[in-house]
Structure formats: C-alpha cells, structure tokens
Visitor: 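Structure in structure tokens, see below.
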Amino acid sequence: MRRKFRRIRLSKVKLAQSFYQRQNVVQIAKELIGKVLVTSVNGLLTSGVIVETEAYSYKERGCHAYRGLTGRNKVMFEPGGVAYVYLCYGIHQMVNVVTNQRWKADAVLIRALRPLEGQDVMIGRTRASSVKKITSGPGKLTRAMGIGQNHNGLSLQGNEIWIEDRNVQVPRAGIADSTRIGIDYAGDDARLPWRFSLKGSEWVSK
DNA sequence: TACGTGATCACG
DNA sequence: GTGATCACGTAA
C-alpha cells in the first residue's frame, strides 16, 4: 500500500511528454537547469541536479541531425521525450534528451550534474576517491550514472532514465549563457549562445 | 598543448 | 573497404 503510494508520487514529478515536445529547444535547455536527472540501472538509483546543458537544433550546423537522418542520429527524429545516447571519441557516452515533434530533430545535451542520490554508486562506477567532480562533464556524468548505448532511444517516461521536477527554484538571472563546447566545425553556428549553466555552481564543466 | 579511442559517415 | 572525423578527458 505504502509502496504503491510512493510510486504514484514519484511518477507524478516526472517531466511529461508535453515538456519535451515543445518547439523551442533553447527554452527547454534553459528550463532543464535545476531539474533532476535520474537513472535506475541494475536496481541502483542515482540522481543529480542538472547544472549545465546545450541546445541543438536540426536547423543549424552544430547538430548531428543537420545533414539528415543517419544510423547514429535516428532517435533524434522521434517525437520528443526519448534519450539520445552516442559514443564520442571512442570512449565517452553522451546523453541528450530529444525534443520537439517527430522529424524536428532537436535535442539538449546534458553536460553536468550536482550529485544527489547514489553518490556511493557513482564513486564505485568511476573508481574515483570522492564524489568531487565526477559528474562535471558530459562524458563523466554518463559513466557515473551508468548510462550507455542500452539507453539510446528509451522513453523518459520509463523506469530506467527520466527527469524529475523537484521544484528547485532557479532564478532567470541565475543562468549563464555561453557558446557551445567542441563544435568548431559548425562555422558561424558555433557562436550561438546555446550553452546554459547554473551560475556559481562548482559542478559545471571546464 | 597533445593524444588515446573506436564507431560512424561519406566516399566510391 | 577506407580514411577522416569526433557535442571529451586526462596528463603535462
């Protein structure tokens, strides 16, 4: 009984499909600052407050979907509300949330978290000596959260990976914008101020 | 500042 | 097939 009640409460705070399926990926990237990314992998729950994101739109050159559908990016073309996970530099898993409507292949890259639950699990996965800095970067946080290719295409309404609103208040002025990292190939689009971070957070990547 | 790392993509 | 490239992280 008690267990059931808890389940219902938890599912209620999950961000709904309607959050992800809006048109404005830049707005969504901003709103994701302060939300909580959660994974449950092999029964181990980990979570963290999102403190850094980047927006990507299929209309600009920084985006994997800019040149159309390929084997790697196909889940970006699904309706918003699924995870897009890909391998970068042969080593690092990167996690995005797909947004917008089907075929409007926008996504938000999750770049950094402040750890909440399961910190001991994150330390174990990364073989770090402490929780310090283990989620301050897109490649590091996926390792800490246990995110890999098996998450690619999963619905964020499911029970493996999702995002919650825990009513953390983030004032508009508390969010910094800057250019996105590592997309020099994007020409002028590399100058778009589509990276967002929580001002003053020690968990933001360098 | 340098480079490991391996899947992916655009060539033919 | 093949080769260039890559939404990073760490060591130095």
Side-chain angles (χ1 to χ4, degrees), chain A residues 20 24-30 32-33 35 37 48 50-78 80 82-100 104-115 122-154 156 161 163 175-198 201-206:
Chain A
Y20 302 108
N24 190 338
V25 67
V26 173
Q27 179 64 26
I28 295 171
K30 275 188 230 180
L32 281 172
I33 302 291
K35 302 295 191 290
L37 178 65
I50 297 168
V51 298
E52 182 180 345
T53 61
E54 284 176 358
Y56 288 89
S57 165
Y58 66 100
K59 295 178 181 170
E60 50 86 21
R61 302 186 41 158
C63 185
H64 286 170
Y66 179 70
R67 289 177 179 79
L69 191 148
T70 68
R72 178 176 68 167
N73 68 20
K74 63 185 178 200
V75 312
M76 293 186 73
F77 290 80
E78 292 181 16
V82 299
Y84 168 47
V85 183
Y86 73 95
L87 183 66
C88 186
Y89 294 105
I91 310 172
H92 309 292
Q93 302 290 337
M94 308 289 239
V95 64
N96 297 251
V97 302
V98 174
T99 69
N100 214 330
K104 312 238 175 189
D106 294 348
V108 177
L109 173 66
I110 309 298
R111 289 190 56 88
L113 305 171
R114 172 166 65 81
M122 298 190 208
I123 289 169
R125 285 180 182 141
T126 56
R127 299 189 189 94
S129 52
S130 84
V131 78
K132 203 82 181 144
K133 309 280 177 198
I134 62 174
T135 54
S136 60
K140 294 198 286 182
L141 76 88
T142 52
R143 194 170 167 213
M145 301 283 287
I147 297 169
Q149 283 307 296
N150 49 324
H151 292 89
N152 190 36
L154 287 189
L156 300 175
I161 179 169
I163 300 177
I175 298 177
D177 59 75
S178 55
T179 55
R180 295 169 294 176
I181 305 296
I183 55 159
D184 294 341
Y185 58 84
D188 287 343
D189 292 330
R191 308 221 288 254
L192 293 168
W194 283 9
R195 173 177 177 237
F196 303 101
S197 60
L198 186 61
S201 173
E202 60 182 321
W203 298 98
V204 171
S205 72
K206 288 162 294 304

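In what follows, chains carry the letters A, B, and so on, assigned in the order in which the sequence lines appear, proteins first and then strands, with residues in each chain numbered from 1. Only a predicted model underlies this, so the values are computations on that prediction, with no experimental measurement involved.
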Visitor: Do A:Tyr58 and A:Lys104 make a side-chain contact, defined as non-hydrogen atoms from C-beta onward lying under 4.5 Å apart?
Guide: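 Side-chain contact under 4.5 Å: yes.
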Visitor: Would you call A:Tyr56 stacked on C:dA7, i.e. ring centres under 5.5 Å apart with the planes less than 30° off parallel?
Guide: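 Answer is yes, a stack.
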Visitor: For A:Gly139, answer base if it contacts any base atom (sugar-phosphate contacts may also be present), sugar-phosphate if it contacts only those atoms, and nothing otherwise; contact means non-hydrogen atoms under 4.0 Å.
Guide: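 Sugar-phosphate, backbone atoms only, no base.
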Visitor: Whole-Å distance between C:dC8 P and A:Asp184 CG?
Guide: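 Computing the A:Asp184:CG to C:dC8:P distance gives 10 Å.
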Visitor: Okay, side chain of A:Asp177, backbone of A:Pro193: is any donor-acceptor separation there less than 3.5 Å?
Guide: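 No, the answer is negative, given that no donor and acceptor are paired below the 3.5 Å cut-off.
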Visitor: I want to check one thing: is the phosphate of C:dT10, taken as OP1 and OP2, less than 4.0 Å away from some side-chain N or O of A:Lys140?
Guide: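 Result: yes.
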Visitor: Can you tell me how far P of C:dG9 sits from CZ of A:Arg111, to the nearest Å?
Guide: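 Distance, rounded to whole Å: 7 Å.
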Visitor: Expressed in angstrom and rounded to an integer, what is the separation of A:Arg180 atom CZ from C:dC8 atom P?
Guide: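 Spelled out: CZ on A:Arg180 to P on C:dC8 is 12 Å.
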Visitor: Within this structure, what is the OH-to-P distance between A:Tyr66 and C:dC6, rounded to whole angstrom?
Guide: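 Answer to the nearest Å: 15 Å.
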Visitor: Whole angstroms only, please: what is the CD-C1' distance between A:Glu54 and C:dC6?
Guide: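 Spelled out: CD on A:Glu54 to C1' on C:dC6 is 14 Å.
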Visitor: Between atom CD in A:Gln93 and atom C1' in C:dC6, what is the gap in whole Å?
Guide: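 In whole Å, C:dC6 C1' lies 14 Å from A:Gln93 CD.
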Visitor: For A:Arg72, answer base if it contacts any base atom (sugar-phosphate contacts may also be present), sugar-phosphate if it contacts only those atoms, and nothing otherwise; contact means non-hydrogen atoms under 4.0 Å.
Guide: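 The answer is sugar-phosphate, as A:Arg72 gets under 4.0 Å only of primed atoms, P, OP1 or OP2.
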Visitor: So, applying side chain to side chain contact (heavy atoms under 4.5 Å, CB included) with A:Ile161, which one of A:Val82, A:Val95, A:Val85 is it?
Guide: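 The passing option is A:Val95.
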Visitor: Using whole Å, report how far CE of A:Met94 lies from P of C:dG9.
Guide: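 So the two atoms are 6 Å apart, to the nearest Å.
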Visitor: Give a yes/no answer on whether the side chain of A:His92 brings an N or O atom under 4.0 Å of OP1 or OP2 in C:dA7.
Guide: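 For C:dA7, OP1/OP2 do not have a side-chain N/O of A:His92 under 4.0 Å.
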Visitor: Sort out the partner of C:dA4 for me: Watson-Crick or G-U wobble, both distances under 3.5 Å, none otherwise.
Guide: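 Matched C:dA4 with B:dT8 under the 3.5 Å cut-off.
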Visitor: Which part of the nucleic acid, if any, lies within contact of A:Ile91, taking any heavy atom under 4.0 Å across all strands shown: a base, the sugar-phosphate backbone alone, or nothing?
Guide: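 The answer is base, as A:Ile91 lies within the cut-off (heavy atoms under 4.0 Å) of a base atom.
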Visitor: To the nearest angstrom, how far is A:Tyr185 atom OH from B:dC9 atom P?
Guide: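 So the OH-P distance, A:Tyr185 to B:dC9, works out to 13 Å.
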Visitor: Determine whether A:Asn152 and A:Tyr86 make a side-chain contact, defined as any pair of heavy atoms from C-beta on separated by less than 4.5 Å.
Guide: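 No, too far: nothing below the 4.5 Å cut-off.
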Visitor: Can you establish whether the number of heavy atoms outside A:Arg180 located under 6.0 Å from its atom CZ is more than 12?
Guide: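 Yes, because the 6.0 Å sphere around CZ of A:Arg180 holds more than 12 heavy atoms from other groups.
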Visitor: Check whether any side-chain nitrogen or oxygen of A:Tyr84 sits under 4.0 Å from OP1 or OP2 of C:dA7, and answer yes or no.
Guide: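 No, because none of the side-chain N or O atoms of A:Tyr84 sits under 4.0 Å from OP1 or OP2 of C:dA7.
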